[in-house]
Every structure is written in C-alpha cells, then in structure tokens.
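Lettering of chains follows the sequences in order, A, B, ..., and the numbering in each one begins at 1.
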Protein chains: 2
Amino acid sequence: MTDTVRKLVRQRLKNGDYTCRKEFTLAMFSGKWKVNIIYHLGHEGTYYFYQLQTLLPNASHKELAKKLKELVADGLISREEEDGPRIKMAYSLTPLGESLLPIIDSMYDWGEQRLQELHMNNVPFNLGPVKND
Amino acid sequence: MTDTVRKLVRQRLKNGDYTCRKEFTLAMFSGKWKVNIIYHLGHEGTYYFYQLQTLLPNASHKELAKKLKELVADGLISREEEDGPRIKMAYSLTPLGESLLPIIDSMYDWGEQRLQELHMNNVPFNLGPVKND
DNA sequence: CAGCATCCCTCGCGATACTG
DNA sequence: CAGTATCGCGAGGGATGCTG
C-alpha cells in the first residue's frame with residue numbers, strides 16, 4: 001500500500017468512524033514519493049513542478065502530478081500559478097504540512113541510525129531477524 | 001503502497017543504495033495493520049496471536065500472520081512459542097520496535113488533533129483543500 | 001492455535017499520449 | 001510547462017482450506 005490507506009481512511013471518516021488517528025496520519029505521506037516531496041518542500045522551500053521532476057527523476061510525470069494533487073487536497077501543500085512565457089506551478093508546504101515535518105524528520109533520523117547499524121554489522125541488505133536486539 | 005515501499009527499499013539496499021532513510025522507516029510500519037500491531041504491543045505489552053485477531057477483527061487470519069512475520073523479519077517484534085494443550089504464539093516488541101514507538105505516538109497525536117479540527121469545522125469527511133491554513 | 005498454499009479480484013502506478 | 005485520459009501489469013490482500 002501504498003495508498004490504499006488513504007482510501008480506507010477516507011471511507012471510515014465518511015462513515016463517521018474517527019478511530020483511526022495513526023492511519024490517518026500515515027495516509028498523509030503514504031503513497032509513493034510523498035515523503036520525499038514533503039521533505040524537500042519543507043527543508044528547501046518552494047519548488048516548481050519541473051524542478052520536482054528533476055529532483056525525483058524516477059517519478060513519472062503522471063504520478064508526480066497525482067500525488068501533488070492529493071497533497072493539496074489533504075491541505076499539506078499549496079499550489080500557485082506563476083505567469084511568464086510558460087506558466088509555472090509553484091508548490092510549497094502549508095502550515096499544516098509543516099506541522100508534519102517533525103514526524104518526517106524523526107523518520108529520517110530513525111532510518112539513518114538503523115541503516116548504519118545494519119551496515120556496521122555487515123548486514124548489507126538483510127533487514128532480517130538478525131541479532132540486533 | 002501499502003507494502004510496495006518495503007520491497008522497493010529492500011531492493012535499493014541490495015544494490016548498495018542507502019539513500020532512503022525515510023522510506024526505510026516508512027517501510028517498517030507501512031502495510032495494513034502494522035501500525036496498529038506495533039501500537040498495541042508497545043502500549044499494552046505481549047499479545048497472543050488469537051488475541052491480536054480479536055483486537056483487529058477486520059484483519060484476515062492470513063494477513064495478520066503475514067504481517068507479523070514481516071515485523072519479526074524486520075526485527076521489530078519477537079515471537080515466542082508457549083506450550084500447553086494448544087500451542088500459543090506470544091508476540092511482543094523488541095527494543096528496536098520500542099524505539100519506533102515515539103514516531104507512532106506522534107502520528108497518533110497529529111492524527112487526533114487534525115481530526116478534531118476537521119470535525120469542529122463541520123468538515124466531517126472532507127480531508128480536502130478546505131480553508132484550514 | 002497458528003502457519004502456509006491457492007484462487008482471484010482490486011488498485012497502485014508506470015508508459016504513453018493528447019490538451020491548453 | 002503542467003494536467004489528465006487510457007491501457008496494462010504486477011502486487012497487496014481477502015476468502016477458503018489443509019497441516020501439525
């Protein structure tokens with residue numbers, strides 16, 4: 001899942017079921033590229049669409065647009081048109097999106113530390129039930 | 001994704017690409033039911049498999065087993081056999097799993113606060129581009 | 001009680017292409 | 001430059017059933 005969570009959560013909310021706090025938050029940045037988008041916008045400021053494409057070369061044009069649209073719908077980022085010879089779309093974090101940054105940052109830190117541990121123990125790619133307890 | 005992240009990350013690590021800290025962490029609890037499992041084990045202690053089934057009535061037997069297996073493989077939870085008339089499997093968080101709790105907890109808090117905002121603004125199920133900036 | 005295999009359907013997401 | 005539509009594959013995950 002990536003993005004299944006988002007659909008499920010929206011469904012539950014529609015049914016008046018608000019008992020899904022963690023999943024709700026998870027749904028904000030689940031879905032491919034979303035964490036990265038939030039992270040970059042949060043730490044480096046506004047980006048144009050075409051800049052994001054360069055930043056995430058593996059993300060297809062379509063998916064990038066789709067994810068940005070969802071992030072806007074969720075209120076995490078804002079979208080502004082900038083005129084010129086060619087129209088450019090500027091994306092940046094909203095205050096709501098910024099409030100999510102600490103969580104993303106701690107995910108970054110946790111991941112970095114854990115990856116170093118795995119690396120040092122010569123467990124290059126086994127995330128497994130090694131003796132890291 | 002639910003769980004696509006996990007596969008992708010493992011693949012990247014295999015290729016020696018360690019530049020995926022956030023995604024790596026995300027992969028730990030992405031995938032249906034995982035956040036809940038971690039949360040429950042973290043805050044309420046050890047659970048037997050059949051207790052988890054009761055706790056998460058919507059999770060299928062198969063998926064629950066599968067997710068638990070992955071969590072064990074990732075080193076977040078431990079699995080212990082307990083003999084008796086019927087064998088029971090006891091699951092609990094490892095120290096590594098516990099180190100993830102703060103993140104899950106902040107996700108819980110963020111979600112709770114955001115859901116309250118939405119509720120108060122009479123935006124029962126629209127997660128949308130409302131004027132909550 | 002718990003794990004794993006099989007069948008099957010849904011949906012995320014990539015590739016490609018058209019529009020303003 | 002940016003958004004959206006169409007097609008297609010592959011993976012997540014539900015239902016069911018067998019095994020120890």
Side-chain angles (χ1 to χ4, degrees), chain A residues 1-11 23 26-37 41 46-73 77-92 129, chain B residues 1-11 23 26-37 41 46-73 77-92 129:
Chain A
M1 116 181 181
T2 302
D3 224 359
T4 331
V5 205
R6 194 164 178 275
K7 289 196 63 176
L8 285 175
V9 168
R10 292 177 77 102
Q11 192 56 50
E23 296 87 336
L26 183 57
M28 292 297 105
F29 49 76
S30 236
K32 224 171 172 182
W33 314 113
K34 282 192 179 177
V35 227
N36 282 294
I37 297 171
L41 293 182
T46 304
Y47 272 114
Y48 294 117
F49 185 89
Y50 70 90
Q51 291 179 311
L52 287 172
Q53 282 188 290
T54 317
L55 218 57
L56 308 171
N58 293 319
S60 71
H61 177 99
K62 180 196 119 188
E63 273 311 302
L64 189 54
K66 192 177 174 187
K67 294 311 174 193
L68 286 169
K69 193 177 177 183
E70 286 180 3
L71 288 169
V72 170
I77 68 176
S78 66
R79 204 183 85 111
E80 273 165 65
E81 208 170 311
E82 211 167 274
D83 280 359
R86 280 294 201 179
I87 295 174
K88 294 190 287 187
M89 301 305 306
Y91 290 93
S92 53
Chain B
M1 127 192 133
T2 305
D3 226 359
T4 330
V5 205
R6 194 166 178 276
K7 290 195 63 177
L8 285 174
V9 168
R10 292 177 76 102
Q11 192 57 50
E23 296 86 337
L26 183 56
M28 293 295 106
F29 49 76
S30 234
K32 225 172 172 183
W33 315 114
K34 282 192 180 179
V35 227
N36 282 295
I37 296 171
L41 293 182
T46 304
Y47 272 114
Y48 293 117
F49 184 91
Y50 69 91
Q51 292 179 311
L52 286 172
Q53 281 188 289
T54 317
L55 219 60
L56 307 170
N58 293 320
S60 72
H61 177 99
K62 180 194 120 187
E63 273 311 303
L64 189 54
K66 192 176 172 188
K67 294 310 175 193
L68 286 170
K69 193 177 175 181
E70 286 180 6
L71 288 168
V72 170
I77 69 176
S78 66
R79 204 182 86 111
E80 273 165 62
E81 208 170 312
E82 212 166 275
D83 281 358
R86 280 293 200 183
I87 295 172
K88 294 191 288 188
M89 301 305 305
Y91 290 95
S92 52

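Here salt bridge (charged side-chain N to carboxylate O under 4.0 Å, His left out) pairs that include residues 53-64 of chain A, with residues two or more places apart or in two chains, are A:E63-A:K67. Applying the salt bridge (charged side-chain N to carboxylate O under 4.0 Å, His left out) rule to pairs touching residues 46-61 of chain A yields nothing, sequence neighbours excluded.
To the nearest 0.5 Å, the span separating CG on A:L41 from CG on A:L71 amounts to 8.5 Å. Here the straight-line distance linking atom CE of B:M28 with atom CD of B:E70 works out to 9.5 Å at 0.5 Å rounding.
Annotation: of the two residues near DNA chain D, B:K66 and B:H61, the 5′-most nearest-nucleotide partner is B:K66. Each of B:M89 and A:A59 was matched to the nucleotide of DNA chain C holding its nearest heavy atom; the match closer to the 5' end belongs to B:M89.
Considering only side-chain atoms of B:K32, the nucleotide from D:dC1, D:dG13, D:dA2 that sits closest is D:dG13. Closest approach to the A:Y91 side chain among D:dC1, D:dG3, D:dA2 is made by D:dG3 (side chain taken as heavy atoms from C-beta onward). For B:K67, taking side-chain heavy atoms from C-beta onward, the closest of the listed nucleotides D:dG13, C:dC4, C:dC13 is D:dG13.
Applying the side-chain contact (heavy atoms from CB on, under 4.5 Å) test to B:A59 and every residue at least two apart in sequence or in another chain returns B:W33, B:L56. Shown here are the side-chain contact (heavy atoms from CB on, under 4.5 Å) partners of A:E81, two or more places apart in sequence or in another chain: A:D83, A:I87, A:M89. Not counting sequence neighbours, A:T46 has no partner by the side chain to side chain donor-acceptor pair (under 3.5 Å) test. Every residue two or more places apart in sequence or in another chain that forms a side-chain contact (heavy atoms from CB on, under 4.5 Å) with B:K88 is listed here: B:Y48, B:Y50, B:E82. By the side chain to side chain donor-acceptor pair (under 3.5 Å) test, A:Q53 is found to be paired with A:H61, residues two or more places apart in sequence or in another chain being considered. For the side chain to side chain donor-acceptor pair (under 3.5 Å) test, residues two or more places apart in sequence or in another chain that qualify with A:Y47 are A:E44. Partners of B:Y91 according to the ring-ring contact (aromatic ring centres under 6.0 Å, His included) rule, which considers only residues two or more places apart in sequence or in another chain, do not exist here.
If you check residues 49-57 of chain B against DNA chain D, you find no residue with a heavy atom closer than 4.0 Å.
In this entry the distance linking CG of A:L8 with C1' of C:dG12 reads 13 Å, nearest Å. Here D:dT19 presents its P atom at 17 Å from CD1 of B:I87, a figure rounded to the nearest Å. Going from atom NZ of B:K88 over to atom C1' of C:dG3 covers 18 Å, rounded to whole Å. The CG-P distance, from B:N58 to D:dG13, rounds to 14 Å in whole Å. To the nearest angstrom, P of D:dA2 lies 13 Å from CD1 of A:I77. Following rounding to the nearest Å, A:E63 (CD) and D:dG8 (P) show an atom-to-atom distance of 18 Å. For B:E82 and C:dA2, the CD to P distance is 10 Å, given to the nearest whole Å. As rounded to whole Å, 14 Å separates atom P of C:dA2 from atom CD of B:E80.
Scanning all heavy atoms of the two residues, the minimum distance from B:R6 to B:A73 falls at NH2-CB, 4.0 Å.
Inter-axis angle, ends of the helix from C:dC1-D:dG20 to C:dG20-D:dC1, five pairs per end, rounded to 10 degrees: 40°.
In this structure, A:R79 reaches the D:dG3 phosphate: one of its side-chain N or O atoms is under 4.0 Å from OP1 or OP2.
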Between N or O atoms, less than 3.5 Å apart, protein on one side and nucleotides 6-10 of chain C on the other: list the pairs.
none

